[in-house]
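A short worksheet on the structure shown next.
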Amino acid sequence: HGSGQRVTTDLVSLVRFAVGAEDQLVPFPEKVNERFAAWLLQQENVGRDFTEEQRRWLEEIRDHIAASMNISTDDLDYTPFVERGGIGKAYQVFGNDLASVLDDLNTTLVA
C-alpha cells in the first residue's frame with residue numbers, strides 16, 4: 001500500500017470534486033474518518049456497543065479502507081490484521097457479524 005495507493009484515493013476525491021459529485025475537495029482519508037465517526041455514532045444510537053478490542057479492529061479496518069477503498073475478509077490475513085490473529089481472530093472478535101460489519105463499512109465509508 002504506500003504512496004501509490006494514497007495517490008489513487010486522492011485522485012478519486014479530485015475526480016468526484018471535478019464532476020460536481022462533491023462540493024468540497026477533501027482528501028479521501030479525511031472523508032473516511034468523518035464517515036467512520038458518524039457510523040460509530042449511528043451504531044451507538046441503535047444500542048450497539050463495541051468492545052475496546054472491536055474498536056481497535058474497526059479502526060484498522062477504517063484505515064485499510066481509507067488506503068485501499070475496500071476491504072474483504074481475504075484482507076484480514078495480511079498486515080496489519082495478521083499481527084492481530086488474522087481472519088480467525090476477527091471471527092472470534094465479531095462472530096457472525098463480521099461479514100455484515102465489513103459490508104456496512106465498505107458501503108458507508110466509500111460512498
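Just the heavy atoms: all of them, side chains too, but no hydrogens, waters or symmetry mates, feed the values below.
- Nearest approach of T79 to V82, heavy atoms of both residues: N-CG1, 3.9 Å.
- Here CG of L109 is found 10.0 Å from CD1 of I61. Values are rounded to the nearest 0.5 Å.
- In terms of heavy atoms, L105 sits closest to L58 at CD1-CD2, 3.8 Å.
- Counting only distance, with no hydrogens or angles, the side chain of D77 and the backbone of G86 share no donor-acceptor pair below 3.5 Å.
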Worked check of side chain to side chain contact (heavy atoms under 4.5 Å, CB included) between L40 and R62: CA-CA 11 Å; L40 279 177; R62 172 204 62 203; over 6 Å; no
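- Side-chain contact between V110 and I65 is present, with heavy atoms from C-beta onward closer than 4.5 Å.
- The minimum heavy-atom distance between S72 and N70, with the atom names listed, is N-OD1, 4.0 Å.
- Electrostatic pairing of E60 and R56 does not count as a salt bridge here, judged by no charged N lying under 4.0 Å from a carboxylate O.
- Summarising the geometry, atom CD1 belonging to I71 is positioned 5.5 Å from atom CG belonging to L102; distances are rounded to the nearest 0.5 Å.
- The residues R55 and E44 are annotated as salt-bridged, a charged nitrogen and a carboxylate oxygen being separated by less than 4.0 angstrom.
- Residues H64 and F81 have side chains in contact (heavy-atom distance under 4.5 Å, counting atoms from C-beta outward).
- D104 and Q43 get closest at one heavy-atom pair: OD2-NE2, 3.8 Å.
- Other residues, nucleotides and ligands place no more than 12 heavy atoms under 6.0 Å from the CG atom of N96.
- Classification of the F50-F94 ring pair by plane angle, with boundaries at 30° and 60°, yields perpendicular.
- The structure places OH of Y78 at 11.0 Å from CG of L76, a figure rounded to the nearest 0.5 Å.
- Side-chain contact between E53 and Q92 is absent, with no heavy atoms from C-beta onward closer than 4.5 Å.
- Contact record, A66 with P29: CB-CA, 4.0 Å, taken as the closest heavy-atom pair.
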